[in-house]
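Everything numeric in this text was worked out from a predicted model, so none of it was measured. Computed over heavy atoms, backbone and side chain alike; hydrogens, waters and symmetry mates excluded. All chains are named by letter (A, B, ...) in the order of the sequence lines, taking the proteins before the strands, and each is independently numbered beginning at 1.
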Amino acid sequence: MWSRGWTSLHPIQEQAAAPILEGQRDVILAAPTAAGKTEAAFLPIVSHLARAGGLCVCVSPLKALINDQFRRLEGLGESADVRVTRWHGDVSRANKKRFLESPVGVLLITPESLEAQLVRRGPVVAGVVAGISHLVVDEFHAFIGSDRGKQLQSLMHRVDLLSGRRVPRIALSATLGDMSIAARYLRPTDAESVVVVQDESARQTIQLMLRGYVIKDPNNGLKPTHHNKSEAADRVAREIASRLFRTMRGSDNLIFANSRENVERYADLLRLSCEEARVPVEFFPHHGSLAKDLRQHAEAELKSDARPASVVATSTLEMGIDVGTVESIAQIGVPPSVASLRQRVGRSGRKGGSAVLRFHVPEAELDSGSRAPDRLRAQTVQSIAMVQLMLAGWVEPPDGESLNLSTLVQQLLSHVAQRGAVNAGEAWRLLCASGLFILQDQKVFARLLRRLGALGLLTQTSDGLLTLGEAGERLVDHYTFYAAFSTPRELQVIHAGKVLGTLPVRQAIVEGSAVIFGGRRWVVLKVDRETHAITVSPSKGARPPTFFGSGPMVHEVVRRRMREVYLSPDVPRFVDARATELLTEGRTFFREAQLSRELVIRDDSSSTWLTWAGDKAVNTLCVLLGQRGIEAFHGGVCIDVDVSPDQLLRVVQDLLMSAPPSPVALARPIRFKEIGKYDRFLTSELLCENFAAARFDIPGAWRELRALATMYG
DNA sequence: GACCTGCTGCGGATTG
């Protein structure tokens, strides 16, 4: 503190010191970026290590964050004679060896590297772990609710077991909504005892603007084709890009474009704008399929003070990778969630200034064939609803229903590898009776063990001990085992011997086709399916590549808030003239369709059902109707049903005659149920349960069925 | 109708 010239500590740093130094309590540190969270955790931890020795393990979701964190902590550690070590896939063997010779100080590590060490060096790691004083989790929100988060919970539990103590857990995050949910995720067995240190004082001010756009359909009311639609998208993209060029040139900004396809589209348009204006290119693309050096180039340009630079990104730049100060944030279209909107806002307005956030939201031009979501101006209204929820401090809670059984398989095999041989009852107690993974009873677990046995992954010795089978050895021995999530195979994009990045294998790429990639235009010279590589060379005209995905899940709270926006007469102050017109159009349609009291928009042969429920319940409704032979299409804010409202009502009443189906029964006829990496090893019973828990909300769907029957029955 | 993340140990060549 002295050497940095600090005269006082921030409030969270003062509040966190006592419970962390005490070394018994779990602590959640919730504060915006740059509020000094890292120091709040590590000043007391390093003080403790300097006095008492030992080891602090800090688990972080990104290699880049570990590198940033390492630079920040190195000096702090040196001044107290506490060594800081980073450990991830890019760290040299020599560094890792040096740590293992004397495993003390602060260790910054990824969950996958920790998993690898447990699998490969079980007995050694047991000794190392015994000396842990604190377990820190950086960017805790990034883990909550995912397979990777389940893996982390299991790793923390295994650390407790190995050390024979309750190792205090310290979680850092800027994006936690409900602290009781976060506490339960951090310490499932004793959430009440978690100390929450929250920075209430440093509330960020935000300058907001929502700009509306209308996509002019060049086809003028004729049947829209794929070509016309993309032409319309190009047209609005050009309009938005020219606005971005005018407002952002000459300063540092972040542009969130939601999809990789749009990142490429906007990066290309903005580069062309620079070239036309005969100024240096200062807009760069950034997404997960781009090669690391291209991404680092964009990050370096953003960070450098020498020239202005703006980066068009997907969620890659949401998290705390240090990119310096940016002037403003642009959000193109509806953000995928309130949580990610909050992360994005947090990237601007450091150093006490206010954050600047500009939405650019396109809507379709209406014609006689337009559907309800377009007429309701749902994109504009959803954006407004999400901003309001963000300002109210709400973020999506994790999906508590997820079973993550793929990760159960991984953790079971990993634990057996770590220990060499494990008693089946002990494995049940560690993974299931502890509450980590939810199975109905021990019989279901026994069936899973038999299935893994039949697949050669496990063998059971005569005295009841589980060991790895031949297939299990092979699986666990390969370095791809340690990650809890899976990644699809992709083609490498190569120019002049240099890898630019990757494209999905499924994409129809042929020799001679033109593609935008890395913000530049290319022609494909050669596609080599053997080596999974395509070779490209620079060219002129091209289209952005298509990636695949299933879309973000909209939470029920967002839909309910949208309904309130329709019912309210107020126009938020941050909405521009065009978006105000669009909001008014949406409200007019809402009123004329009498949606304040109707749930269905009537048509002779079809119905549009507006439930205002979350996507999980809506998807469940579609499956329920589909299994009754009714084609139901989920169109975002509504369900398009292929029968008249009267027929729909009859089917709904019929469904309500019997009890709701069991999740398993509803999932059984569905063909592709493998979501997680190791789902292929589950029993068909568990595969159905796992799929149903992840994808269905049966009580929610039943509530909507009842609402419809009550209103029209 | 979307995005993101991670990984070991070994053998052999090269460099200081």
Within the sub-3.5 Å range, which N or O atoms of nucleotides 1-3 of chain B have a protein N or O partner, and how far apart are they?
from	atom 1	to	atom 2	distance (Å)
B/dG1	O6	A/H634	ND1	2.6
B/dG1	O6	A/H634	NE2	3.4
B/dG1	N1	A/D615	OD2	3.0
B/dG1	N2	A/P552	O	2.1
B/dG1	N2	A/D615	OD2	2.9
B/dA2	OP2	A/G549	O	3.4
B/dA2	N7	A/G551	O	3.1
B/dC3	OP1	A/R260	N	2.8
B/dC3	O3'	A/T314	OG1	3.3

Provide a list of protein-nucleic acid N or O atom pairs under 3.5 angstrom, restricted to nucleotides 8-14 of chain B.
from	atom 1	to	atom 2	distance (Å)
B/dT8	OP1	A/S113	OG	3.3
B/dG11	O6	A/R93	NH2	3.1

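Between the side chains of A/N404 and A/Q151, not a single donor N or O lies within less than 3.5 Å of an accepting N or O. Under 3.5 Å, the side chains of A/N619 and A/R695 contain no donor-acceptor pair of N or O atoms. Side-chain atoms of A/Y482 and A/R120 include a donor-acceptor pair closer than 3.5 Å.
Between A/T487 and B/dT5 there is no side-chain N or O to OP1 or OP2 distance below 4.0 Å.
None of A/H360, A/R235, A/Q379 except one satisfies the side chain to side chain donor-acceptor pair (under 3.5 Å) rule with A/Y213; the exception is A/H360.
Put simply, CZ on A/R344 is 10 Å from P on B/dC4, counting in whole angstrom units. Taking atom CD1 of A/I66 as the reference point, atom P of B/dG6 lies 8 Å away to the nearest angstrom. Following rounding to the nearest Å, A/Q343 (CD) and B/dC4 (P) show an atom-to-atom distance of 15 Å. To the nearest angstrom, C1' of B/dT5 lies 15 Å from CD1 of A/I109. Summarising the geometry, the separation between CZ on A/R148 and C1' on B/dC4 is reported as 9 Å, rounded to the nearest angstrom. Whole-Å rounding puts the A/L152 CG to B/dG6 P distance at 14 Å. Rounding to whole angstrom units, CD of residue A/E299 and P of B/dC4 are separated by 13 Å. Counting to the nearest Å, the P atom of B/dG6 and the CD atom of A/Q151 are 12 Å from each other.
Ring-to-base geometry does not place A/F481 in a stacked arrangement with B/dC7 (centre distance under 5.5 Å, plane angle under 30° required).
For A/H555, the ring-ring contact (aromatic ring centres under 6.0 Å, His included) criterion is met by A/W394, not counting sequence neighbours.
Below 30°, between 30° and 60°, or above 60°: for A/H287 and A/F517 the angle between ring planes is above 60°, a perpendicular geometry.
For the residue pair A/P335 and A/F359, the shortest heavy atom distance occurs at CD-CE2, 3.6 Å. Between A/E396 and A/A339, the shortest heavy-atom contact is OE1-N, 3.0 Å.
Within 4.0 Å (heavy atoms only), A/R295 reaches sugar-phosphate atoms of the nucleic acid but no base atom.
Aromatic rings from A/Y266 and A/F283 are positioned such that their centres are separated by 6.0 Å or more.
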